[in-house]
Amino acid sequence: MSAFPILSRFQQDAHIKTVEIEPGQTMDEVAAACAFHSIGLHVADKPGRTLRVRPTTEDDSAPPWPRDLTVEKAGIRFYDCIDIYFEEPQ
Amino acid sequence: MLERSEWYDIARDTNWTPSYVSQEALFPPEMGDPYGIPTEEWETFDEPYKVSYREYVNIQREKDSAAYSVKAALARSKFHDEADEGWACVLKLHYGAVALTEYQACQFQARMSRFGPSPAMRNMSVYGMLDELRHTQLQLFFPHELVHRDRQYDWAHEAQHSKNWAVLGGRHAMDDIMMTRDAITSSVMVSFAFETALTNLQMIGLSTDAANLGDHTFANLITSIQSDEARHAQLGTPTIEIMIRNGRKKEAQQAMDIALWRVWRLFSITVGIPMDYYIPLEQRHMSFKEFMHEWVINQWERQVQDLGLERPWYWDIFLLDIDNHHHCQQGGIWSWRPTVWWNPPGAVGPKEREWLEEKYPGWNESYGSYWDVITNNLLQGHEEKTHPQCIPIICNMCQIPISHRPGPEWGARAYQREYGERRYNFCTEVCRWIFDTDPERYKDHETIVDRMYSGEIDPPTLENVLKYMGIGVISEGGRDGHDYGWVEGFRAQAAE
Ligand SMILES: [Fe+2]
Ligand SMILES: [Fe+2]
Ligand SMILES: [Zn+2]
């Protein structure tokens with residue numbers, strides 16, 4: 001299977017954006033793909049902070065997926081909505 | 001000659017009992033009344049605005065000659081040579097969105113005049129049908145004068161024949177409420193929810209600003225149209241009264257709730273963005289929010305309750321949308337400006353932002369954070385960074401990019417539904433609820449984004465998508481209407 005669109009709900013952005021990702025990509029790569037369409041365009045960067053990815057839920061409480069987990073292993077499908085957000089500094 | 005009052009009611013209410021065909025064949029329920037309300041009940045239909053055909057023709061003839069004489073003056077006037085591009089946007093957006101929608105309204109009125117179960121309704125909607133035809137003609141003829149100056153005005157005629165994303169939104173809603181419902185349901189939806197709540201307010205809001213700007217042609221045109229709307233919008237009230245009396249309150253309520261939301265989502269773009277962004281600051285007479293609260297929240301809501309209906313279940317979501325929807329779409333339309341047929345100015349310089357913060361407390365923290373990034377890109381000479389290389393996901397009901405308040409509150413959320421083989425995305429609970437009222441009705445439609453992945457736009461390259469939407473075909477797409485002049489205030493501030 002090749003690239004397919006997911007819905008990128010990027011932290012603080014006004015729009016939910018369609019971003020194409022691939023089954024073999026890691027969560028860090030997914031975060032970077034989504035960041036490309038939000039940071040420096042509609043959302044300010046937060047240098048030094050790590051981007052994490054989690055499934056979108058009603059109360060924004062889902063834990064993030066491991067950073068090296070692949071799209072395929074995470075079970076992300078066509079038009080799934082995911083949150084991309086800056087991890088709070090430890 | 002008899003006075004009108006001596007013959008009007010009896011002439012208007014004359015009905016007949018068919019003998020060659022059945023009542024059902026003459027008035028199929030799916031075209032007229034699907035609720036089975038008895039004919040005697042429909043014969044009580046009464047609207048306050050009584051007019052005879054002779055009077056109607058005389059009045060309309062006068063209105064038309066007044067409107068067209070202003071049009072003749074327009075041909076000689078220099079107004080459009082000097083007008084702000086922000087105002088030109090209002091006109092291009094208005095004509096593209098409205099001109100042929102009036103023609104759809106004409107067909108909706110025609111359906112009532114043929115299939116309406118009440119003779120009084122059929123009588124009244126004949127005038128409504130002629131009104132809407134007049135509105136179509138006027139709003140095609142006026143922009144035609146401007147096409148030789150600027151090809152984007154051609155969308156007045158072309159928009160409805162195109163597959164531009166902004167047009168799909170209007171068409172989906174109007175097909176739903178005007179074109180594909182029976183006479184009774186669409187009378188609740190269009191005459192009451194659309195025309196009573198929103199259209200005639202649109203006319204009032206825009207005509208004041210037009211007059212302030214000195215565009216008396218447009219002010220006159222829409223005032224003339226509004227005088228017709230005020231009359232034929234009254235078709236909805238007696239329809240609802242009869243439905244409630246005959247145990248159909250639930251159906252009337254649902255029809256009103258669906259239509260108000262559908263039209264609201266469009267209306268806040270065609271009126272909200274102009275009032276709060278496109279019209280130059282000095283000429284704004286009130287904010288869109290003030291206008292909505294005065295005319296819709298206070299006045300229309302009272303009408304709803306007087307009629308015996310409830311305010312829509314989503315009232316709180318609606319109030320929140322008044323604070324957010326058009327601000328989001330101003331950002332979205334500006335960011336994806338090459339996809340539209342007008343030149344939206346960003347119009348968020350220091351003074352404009354001060355005004356927005358005053359009218360919408362919290363604007364700076366939320367919408368300001370979005371425009372800060374854009375402003376910085378422009379100040380640093382990175383215009384290319386103001387053009388997204390992706391597309392926003394689009395709502396499967398309103399066909400508008402799924403967006404909400406940016407910044408710390410981060411309100412954007414996709415409301416999804418699985419149905420059959422497909423997954424649908426909605427902007428709000430309300431759009432999803434409308435889908436749920438009748439999924440079979442809505443399930444086959446594809447948004448512009450769906451079409452990029454279903455093979456309808458193949459291959460979905462930027463160039464192909466724009467062409468599919470009529471950009472570069474009907475006219476060039478949009479650019480910033482003020483050539484980014486609005487960022488200069490920040491440069492001056494920084495220099496101080
Ligand atoms: Fe009209
Ligand atoms: Fe109308
Ligand atoms: Zn929607």
Side-chain angles (χ1 to χ4, degrees), chain A residues 1-22 25 29-47 49 51-62 64 75-88, chain B residues 324-325 327-332 334-336 365-374 376-377 380 382 384-396 400-416 418 422-427 429 447-450 452-453 460:
Chain A
M1 206 182 124
S2 56
F4 64 95
I6 51 88
L7 313 188
S8 165
R9 178 173 180 261
F10 197 97
Q11 191 173 34
Q12 304 214 357
D13 201 337
H15 316 294
I16 297 191
K17 292 164 175 169
T18 314
V19 175
E20 288 189 27
I21 60 170
E22 288 182 34
Q25 282 180 319
E29 287 167 335
V30 169
C34 295
F36 177 78
H37 299 292
S38 286
I39 292 181
L41 208 94
H42 293 143
V43 178
D45 198 5
K46 293 184 180 170
R49 299 265 292 273
L51 284 170
R52 300 302 303 266
V53 184
R54 70 184 176 210
T56 303
T57 54
E58 259 174 50
D59 57 359
D60 297 347
S61 68
I76 299 175
R77 298 182 300 139
F78 183 90
Y79 275 177
D80 266 352
C81 192
I82 58 174
D83 291 352
I84 301 88
Y85 64 101
F86 291 101
E87 192 170 50
E88 288 302 319
Chain B
N324 289 288
H325 175 35
H327 296 303
C328 287
Q329 303 310 327
Q330 159 68 1
W334 188 87
S335 290
W336 281 275
E365 193 187 33
S366 57
Y367 294 97
S369 73
Y370 177 102
W371 286 103
D372 281 345
V373 181
I374 291 169
N376 286 336
N377 284 333
Q380 287 160 22
H382 292 303
E384 78 286 355
K385 283 197 192 166
T386 68
H387 291 281
Q389 292 178 44
C390 67
I391 41 162
I393 188 69
I394 300 256
C395 175
N396 278 102
I400 294 169
I402 299 180
S403 309
H404 219 293
R405 199 171 183 83
E409 287 176 54
W410 190 21
R413 199 169 276 287
Y415 297 80
Q416 298 189 313
E418 310 272 338
R422 274 180 69 186
R423 171 179 272 183
Y424 300 84
N425 301 297
F426 301 98
C427 64
E429 277 175 75
T447 67
I448 198 88
V449 178
D450 294 334
M452 291 172 63
Y453 294 106

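A, B, ... follow the sequence lines: proteins, then strands. Residue 1 opens every chain.
Proximity to chain B (any heavy atom under 4.5 Å) is shown, for Ile16(A), by both the backbone and the side chain. Within the 4.5 angstrom heavy-atom criterion, only side-chain atoms of Tyr453(B), from C-beta onward, approach chain A. Only the backbone of His387(B) has a heavy atom closer than 4.5 Å to any heavy atom of chain A. Contacts between Val19(A) and chain B at a heavy-atom distance below 4.5 Å are absent for every atom of the residue. Heavy atoms of Glu409(B) lying under 4.5 Å from chain A are absent altogether.
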Which donor-acceptor pairs under 3.5 Å do side chains of residues 29-41 of chain A form with protein atoms, sequence neighbours excluded?
residue	atom	partner	partner atom	Å
Glu29(A)	OE1	Thr26(A)	N	2.8
Ser38(A)	OG	Asp13(A)	OD2	2.8

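In plain terms, the two heavy atoms of His15(A) and Pro392(B) that are nearest each other are CB-CB, 4.4 Å. Heavy atoms only, all atoms of each residue included: Tyr79(A) and Gln416(B) are closest at O-NE2, 2.9 Å. When all heavy atoms of Ala414(B) and Cys81(A) are compared, the pair lying nearest together is CB-SG, 4.5 Å.
Considering only heavy-atom pairs separated by less than 4.5 Å from chain A, the leading option among Ser335(B), Pro401(B), Pro408(B) is Pro408(B). In terms of heavy-atom pairs under 4.5 angstrom with chain A, the leader among Gln389(B), His327(B), Met452(B) is Gln389(B).
Within a 6.0 Å radius of CD in Glu20(A), more than 12 heavy atoms belonging to other residues, nucleotides or ligands are found. Other residues, nucleotides and ligands contribute more than 12 heavy atoms inside 6.0 Å of the CD atom of Glu384(B). By the neighbour-count criterion of 12 heavy atoms within 6.0 Å, atom CD of Gln380(B) is densely surrounded, having more than that number from other residues, nucleotides or ligands.
For the pair Asp60(A)/Arg413(B), a side-chain contact is recorded, criterion being any heavy-atom separation below 4.5 Å from C-beta on.
The aromatic rings of Trp336(B) and His42(A) sit tilted, their planes meeting at an angle between 30° and 60°.
Take Glu418(B) and apply the side-chain contact (heavy atoms from CB on, under 4.5 Å) test, not counting sequence neighbours, and it matches Arg77(A), Arg423(B).
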